[in-house]
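Computed from a prediction, not measured in an experiment: that's the story for all the values here.
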Amino acid sequence: MIQLYKNVLEDDLVKELKSKDMPLALVWGQLDPWIKPKYADQIQQLYPDCLRFDIDAGHCPHDEAPGSVNEAIMEFMRTCNGDLADGTC
């Protein structure tokens with residue numbers, strides 16, 4: 001299962017990200033035992049304009065640290081605020 005996800009992450013997700021021109025936020029659990037932060041590093045290298053939020057949590061940061069995830073989402077939305085009207089964010 002983990003290898004399947006890694007293949008999807010490395011192939012399908014990366015191809016999809018490369019084909020889009022839109023803001024991206026990476027909200028990543030730094031303690032994730034399965035999909036380690038090195039995968040966020042790889043995405044960030046391919047998409048250098050993305051905003052990255054490292055959360056002190058595991059695989060499900062939205063469950064483990066919802067306040068931190070909410071803060072990350074709000075920060076991302078604040079950075080996009082000027083672009084909301086034209087649909088780029």
- Can you see which heavy atom on L26 is nearest to which on A40, and at what distance? CD1-O, 3.7 Å

- Item | Any donor-acceptor pair under 3.5 Å from W28 side chain to P61 backbone | no

- Item | Gap separating the CZ atom of F76 from the CG atom of L24, nearest 0.5 angstrom | 6.5 Å

- To the nearest 0.5 angstrom, please state how far the CG atom of N70 sits from the CD atom of E75. 13.5 Å

- Query: What pair of heavy atoms forms the shortest contact from P66 to H62, and how long is it?
  - Reply: CB-O, 3.4 Å

- If Ile, Leu, Val, Met, Phe, Trp and Tyr residues are connected whenever their side-chain heavy atoms lie under 4.5 Å apart, and connections chain through other members, are I35 and L31 in the same group? no

- Is there a path from V69 to L51 through hydrophobic residues (I, L, V, M, F, W, Y) whose side chains come within less than 4.5 Å of each other? yes

- Item | Whether E64 side chain and C60 backbone form a donor-acceptor pair below 3.5 Å | yes

- Task: Starting at CD1 of I55, measure out to CD of E71 and round the result to the nearest 0.5 Å.
- Result: 8.0 Å

- Message: Can you pull out every side chain to side chain donor-acceptor pair (under 3.5 Å) where at least one residue sits in residues 49-58? Sequence neighbours excluded, please.
- Response: Q30-D54, D41-R52, Q44-R52, R52-D54

- Message: Using every non-hydrogen atom in the two residues, find where W34 and D32 come nearest and quote the distance to one decimal.
- Response: N-OD1, 2.8 Å

